Structure formats: C-alpha cells, structure tokens
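Computation of the quantities below employed the complete heavy-atom set of this structure, encompassing side-chain atoms and omitting hydrogens, waters and symmetry-equivalent molecules. Every number for a ligand or one of its atoms is a count from 1 in the order of the listing. For clarity, every value in this text was computed on a predicted model and none was experimentally measured.
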Amino acid sequence: MLDFHSHILPEIDDGAQSVEESVVMLKMLKEQGVKTIALTSHYIAMDESPDAFLQRREQAYEILKAELEKEADEMPKLLLGAEVYYYPNICKMDELSKLTLSDTGLLLLEMPMAPWGEYTIKEITDLVNSTNIQVVIAHIERAIKYQKKDTIQRLIDNGVLMQVNASFFITKSTRRKALKMLKNDQIHFIGSDCHNVKYRPPKIDEALSIIENKFSKEFVNEFIANQNSYLVK
Ligand SMILES: [Fe+2]
C-alpha cells in the first residue's frame with residue numbers, strides 16, 4: 001500500500017514538529033501495511049523560492065534518515081515530493097518539475113477552495129498535455145463543492161489525476177460520496193495527509209477496510225496495484 005500524501009518530514013511545515021514525531025508516524029503507517037510513503041511537505045511559492053524549499057527539505061530528510069538508522073526494523077520506502085499550492089501562471093515556474101514526486105513526474109497540486117475558472121482549468125490540463133508533469137490534485141474532496149458539476153470529470157478526461165484523504169472514507173457523512181467516486185474511477189490516490197500523532201494521525205488502514213467491506217479484497221488490491229503503476233514513469 002502507498003500513502004500518497006503526508007507531512008512527516010520534521011519541522012518543515014505544519015506537520016511533524018520533531019523527528020521523534022516523524023518516526024512515530026512512520027511506524028504507525030508501517031503497522032498499517034503501508035510500504036511506500038510520499039513525503040509531501042507544503043510548498044508555497046509566495047513564501048520562498050523552490051530552491052530554498054528543496055534545500056530545507058533535504059536538511060529535514062537528512063535528519064530523518066539519521067534517526068531511522070537507529071531503527072532495527074525496515075521502514076517503508078520514502079519518496080520526496082511536495083504539496084504545491086496553485087497560483088495563476090504556476091506553469092511558468094521554471095523549477096516546477098523539481099517539485100514532482102521523486103522521479104515519477106507526479107506533481108501534487110493543492111487548489112484553492114473556490115470555484116476554478118476556465119483559465120485555471122486550461123492551465124492545469126495544459127500542464128498535463130504539454131509537459132512531462134502529471135498533475136495530481138490534492139484532497140479533491142475539499143474543492144468539489146465549489147466547482148461546476150462536470151469539472152472534476154472534465155479534468156480527469158484530460159489526464160488530471162485525483163487524490164483524496166483517508167478521512168473522506170472514514171467520515172460517515174462523506175463515505176457514500178467517497179465510495180461512489182472510487183467506483184466511478186474518479187479517485188487515483190489515497191493519502192493520509194497526516195500532520196501529527198494526536199490530531200491528524202495516519203489512518204490508511206481504516207479507509208482500506210471500509211473500501212474492502214463495501215466492495216471486496218480484490219477491488220482493494222486492484223486499486224493498490226493501479227496506484228503503484230503511476231509511480232513508474
Ligand atoms: Fe497536505
């Protein structure tokens with residue numbers, strides 16, 4: 001299993017506030033059967049340059065790696081990425097491809113919680129169609145209510161991928177919608193979007209067991225295999 005969205009790297013954003021907390025979250029995910037974790041710290045272009053962010057991310061990763069060397073058990077595989085906040089004309093950012101996940105070409109893009117205009121939709125689909133970048137929209141469930149009815153499907157039809165948080169399945173009031181979207185192939189990745197141990201811990205296993213109960217073990221396995229297939233460029 002893969003966790004496509006996490007804030008585990010220590011002291012880089014509003015996620016783990018110490019390397020000890022990072023390790024606890026990694027262990028929780030390992031216990032849940034997660035084999036690969038995307039480390040997707042927040043990147044906001046207004047706050048810093050991509051290179052400054054990448055430097056900070058490298059430092060945080062080195063600290064985590066050093067801490068993990070003390071662990072006897074094998075840990076899940078870690079992929080370095082970012083959750084990049086969208087702004088108009090982001091496609092003109094020269095370093096955008098440096099913010100993709102490891103060597104997959106996948107870019108986790110956090111969109112505004114507001115209606116997206118045609119310009120925005122075109123910019124996202126142009127990115128997918130005319131660059132090597134494959135856009136994955138972060139926790140799409142948060143933005144759906146602001147969009148026109150057909151926007152999500154239009155984006156998917158144009159090659160844009162969708163990520164949802166495990167909580168979309170776990171929360172009773174949104175579960176039906178989550179399962180329906182999954183059945184309709186509108187969800188490509190599930191992420192924990194974990195930030196800490198106490199208030200936003202990783203719960204990938206809970207989401208998967210809800211999916212398994214509704215559909216089947218085979219359905220879950222197929223979804224997991226499909227997720228993994230995107231990691232190979
Ligand atoms: Fe996030």
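Among the atoms of His7, an N, O or S atom falls under 2.8 Å of the Fe ion (ligand 1). Residue His5 counts as close to the Fe ion (ligand 1), with an N, O or S atom under 2.8 Å. Metal site remark for the Fe ion (ligand 1): Glu83 contributes an N, O or S atom at a distance under 2.8 Å.
Look at Lys27 and Asp73 and you find no salt bridge, because none of the NZ, NE, NH1 or NH2 atoms lies under 4.0 Å from a carboxylate O. Taking the charged nitrogens against the carboxylate oxygens, Lys198 and Glu21 have no contact shorter than 4.0 Å, which rules out a salt bridge. Between Arg142 and Asp193 there is a salt bridge, since at least one side-chain N of the basic residue sits less than 4.0 Å from a carboxylate O of the acidic one.
Ile90 is listed as a side-chain neighbour of Val84, based on a closest heavy-atom distance under 4.5 Å.
The atom of Asp193 nearest to the Fe ion (ligand 1) is OD1, with the search restricted to N, O or S atoms.
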